[in-house]
Amino acid sequence: MSTLLAGLGALPFLVSSLLLTLGVYNLPLLGSTVEILRSYSLAIAVFMCGIHWGQYLQDTQARNLNLLMVSNVLTLICWLAYLVASFVVYFVIVIAVFLALLWVDYRLHKAGRITARYFRMRLAVTAVVCVSLALPLNF
């Protein structure tokens with residue numbers, strides 16, 4: 001189920017990126033395609049940080065990574081970048097945050113706190129998300 005949800009969660013990244021690549025900058029009822037991608041990337045990054053916060057609270061073995069602090073710092077970085085950074089800078093920062101979240105999951109996987117299957121899914125989805133976020137930077 002988590003693989004299906006993660007795959008579906010990556011769809012707005014792919015669709016928004018494709019639309020921007022095709023020169024579709026506004027959608028009826030939804031508005032700016034750039035803002036759709038920016039706001040969705042913020043929501044998903046914060047959601048992923050929340051997953052790490054939950055792991056910190058539930059798993060005392062995962063606390064050596066201080067997931068509580070890492071998740072809060074990454075959330076604040078995303079939020080501040082969303083508020084003040086330009087289009088290009090924001091996407092560079094959010095890509096770095098998604099890669100940092102993947103690094104945390106790698107560490108959790110190596111520590112035996114998450115399964116290999118979950119980590120492989122996270123790796124694949126993070127790759128799709130990062131490519132989707134980087135693609136519009138060329139325009």
Side-chain angles (χ1 to χ4, degrees):
M1 183 59 119
S2 64
T3 302
L4 175 64
L5 290 176
L8 291 173
L11 279 178
F13 289 103
L14 288 167
V15 171
S16 296
S17 180
L18 178 63
L19 289 171
L20 287 170
T21 302
L22 295 172
V24 178
Y25 300 110
N26 285 292
L27 295 174
L29 301 175
L30 297 176
S32 165
T33 310
V34 169
E35 286 306 310
I36 292 167
L37 187 55
R38 277 174 37 95
S39 62
Y40 188 69
S41 65
L42 175 65
I44 296 301
V46 170
F47 175 78
M48 295 307 300
C49 287
I51 288 173
H52 287 158
W53 188 337
Q55 284 177 300
Y56 177 86
L57 295 175
Q58 293 295 317
D59 185 355
T60 57
Q61 297 297 318
R63 291 188 179 178
N64 64 342
L65 291 174
N66 201 350
L67 297 177
L68 186 63
M69 184 62 71
V70 171
S71 66
N72 278 285
V73 167
L74 292 175
T75 294
L76 288 173
I77 288 169
C78 282
W79 178 61
L80 289 171
Y82 181 82
L83 291 175
V84 301
S86 69
F87 166 80
V88 172
V89 171
Y90 173 75
F91 284 121
V92 169
I93 290 170
V94 82
I95 288 168
V97 166
F98 279 118
L99 293 174
L101 290 166
L102 182 63
W103 176 78
V104 169
D105 281 336
Y106 172 76
R107 299 272 315 269
L108 289 169
H109 168 61
K110 287 299 181 188
R113 308 319 312 159
I114 61 174
T115 65
R117 182 176 180 213
Y118 180 78
F119 179 71
R120 283 191 307 271
M121 179 270 302
R122 285 279 296 115
L123 181 62
V125 171
T126 299
V128 168
V129 166
C130 289
V131 167
S132 295
L133 289 169
L135 194 58
L137 296 179
N138 296 321
F139 301 99

Taking every heavy atom of S16 against every heavy atom of T33, the minimum-distance pair comes out as O-CG2, 3.7 Å

Would you say that L99 contacts C130 through its side chain, given a criterion of any heavy-atom pair below 4.5 Å between the two side chains?
yes

Check whether V88 and V129 end up in the same hydrophobic cluster, where Ile, Leu, Val, Met, Phe, Trp and Tyr are linked by side-chain heavy atoms less than 4.5 Å apart.
yes

Please find the pair of heavy atoms, one from C49 and one from S71, that lie closest to each other, and give the distance.
O-CB, 3.2 Å

Can you tell me how far the CZ atom of R113 sits from the CD atom of Q58, to the nearest 0.5 Å?
12.0 Å

Which distance, rounded to the nearest 0.5 Å, do you find between the CG of L11 and the CG of L18?
11.5 Å

Quick check: is F87 connected to L133 through a chain of hydrophobic side chains (ILVMFWY, heavy atoms under 4.5 Å apart)?
yes

Residue pair L108 / Y118, side-chain heavy-atom distance below 4.5 Å
no

For a 4.5 angstrom cut-off between non-hydrogen side-chain atoms, does I114 reach R122?
no

Are R38 and Y82 in a cation-pi setup, meaning NZ or CZ lies under 6.0 angstrom from the ring centre and within 45 degrees of the ring axis?
yes

For H52, which of T75, L57, D105, L68 qualifies under side-chain contact (heavy atoms from CB on, under 4.5 Å)?
D105

Checking the side chain of Y56 only, and the main-chain atoms of M69 only, is there a donor and an acceptor separated by less than 3.5 Å?
no

With rounding to the nearest 0.5 angstrom, report the OG to CD1 distance, S41 to I36.
12.0 Å

Report yes if the side chains of L135 and L20 come closer than 4.5 Å at any heavy-atom pair, otherwise no.
no

Using side-chain heavy atoms (C-beta onward) and a distance below 4.5 Å, is F98 in contact with V94?
yes

Does F47 belong to the same Ile/Leu/Val/Met/Phe/Trp/Tyr cluster as V128, with side-chain heavy atoms less than 4.5 Å apart forming each link?
no

Check whether F13 and L5 end up in the same hydrophobic cluster, where Ile, Leu, Val, Met, Phe, Trp and Tyr are linked by side-chain heavy atoms less than 4.5 Å apart.
no

Side chain to side chain contact (heavy atoms under 4.5 Å, CB included) for V97 and M48? Distances and angles first, verdict last.
CA-CA 10 Å; V97 166; M48 295 307 300; over 6 Å; no

Same apolar cluster (I L V M F W Y, side chains within < 4.5 Å links), I95/V73:
yes

Nearest 0.5 angstrom please: L102 CG to T126 OG1, how far?
4.5 Å

Do L37 and F91 have side chains that approach each other closer than 4.5 Å (heavy atoms only, starting at C-beta)?
yes

Approximate separation, where rounding is to 0.5 Å, of L19 CG and N26 CG
11.0 Å

Please examine the side chains of V84 and Y90, heavy atoms only from C-beta on, and report whether any two atoms are closer than 4.5 Å.
no

For the CG atom of L67 and the CZ atom of R107, what is their distance to the nearest 0.5 Å?
9.5 Å

